[in-house]
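Please read these numbers as outputs of a predicted model, since none were measured by experiment. Note that ligands are numbered from 1 as they come in the structure, with each ligand's atoms numbered from 1 the same way.
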Amino acid sequence: MTTGVYAALGAAACAGLAAGGYQYASLWPGSRIFGEALTAPSRPGELALTFDDGPNRHWTPRLLDTLASHDVQATFFLLGNRAEAQPELVRRIAAAGHLIGNHTWDHPNLSRSSARRIREELARTSATLEQITGAPVRFFRPPFGARRPAAFRIAREMGLIPVLWNAMTSDWSEPSADRIAQQLGAKIDRARERGRAANIVLHDGGHRDPNANREQSVTAAQMLIERYKATCKFVKLDAWADDVAALPTQA
Ligand SMILES: [Zn+2]
């Protein structure tokens, strides 16, 4: 994404808010108006690779092999229904030392969900993940980045830290791994210039298609690791625990 497009999006976001654009604001990842979430702390040079919408029977194992070959650990925001269907794969992710987070049971838009539905989505997913891995789940990423005050408040009441991002591209629809890596690289470099860490989103799964082809996303992850391994530090989100502790306890 070029700077021009960025500026245009920023202007559009402001216009949307000025016009009372509730929906636009709730879908805008840079927005903080609906409560605090972990985005990227002031730790330039730290990169958190995060993977959403898995586990994916075919591509998650390939991704795990890639990460292992570079001795890099990452964070996986899993869908509860996919985890339940593939508990062995979830255990493999955990056994490799990666961090597992909650991405809801079946990927609803939480800005359109009732409080009861939000609670059920989060509770059922955490319970399933904890039962499979034996480890507590601390982090939660809302599907589509969509949120409203209730979603963040409920998550925090349940002991979950809401997580957004500052480096994402449409890796599910881009024409090539090169392009995905190039676009994310520009955002990673920009974050570093601004004195921030990079919280990078890629998708090893697809919330609509459990067998979605994620070859390009996995290849792009490898390219980013090769590009930044010598100069940056790859971390899991729990490395930013001090920054999480600094967030207010109420959204
Ligand atoms: Zn998702």
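Trp172 pairs by the ring-ring contact (aromatic ring centres under 6.0 Å, His included) definition with His203, not counting sequence neighbours. Applying the salt bridge (Lys or Arg N to Asp or Glu O under 4.0 Å) test to Arg208 and every residue at least two apart in sequence or in another chain returns nothing. For Asp209, there are no salt bridge (Lys or Arg N to Asp or Glu O under 4.0 Å) partners at least two apart in sequence or on another chain.
Near-neighbour remark for the Zn ion (ligand 1): protein N, O or S atoms under 2.8 Å are Asp53 OD1, His103 NE2, His107 NE2; waters not counted.
Asp204 and Thr60 share a side-chain donor-acceptor pair at under 3.5 Å.
Under the 4.5 Å side-chain contact rule for hydrophobic residues, Phe140 and Leu49 share a cluster.
Classification of Arg227 and Asp189 as a salt-bridged pair holds, one side-chain N sitting under 4.0 Å from a carboxylate O.
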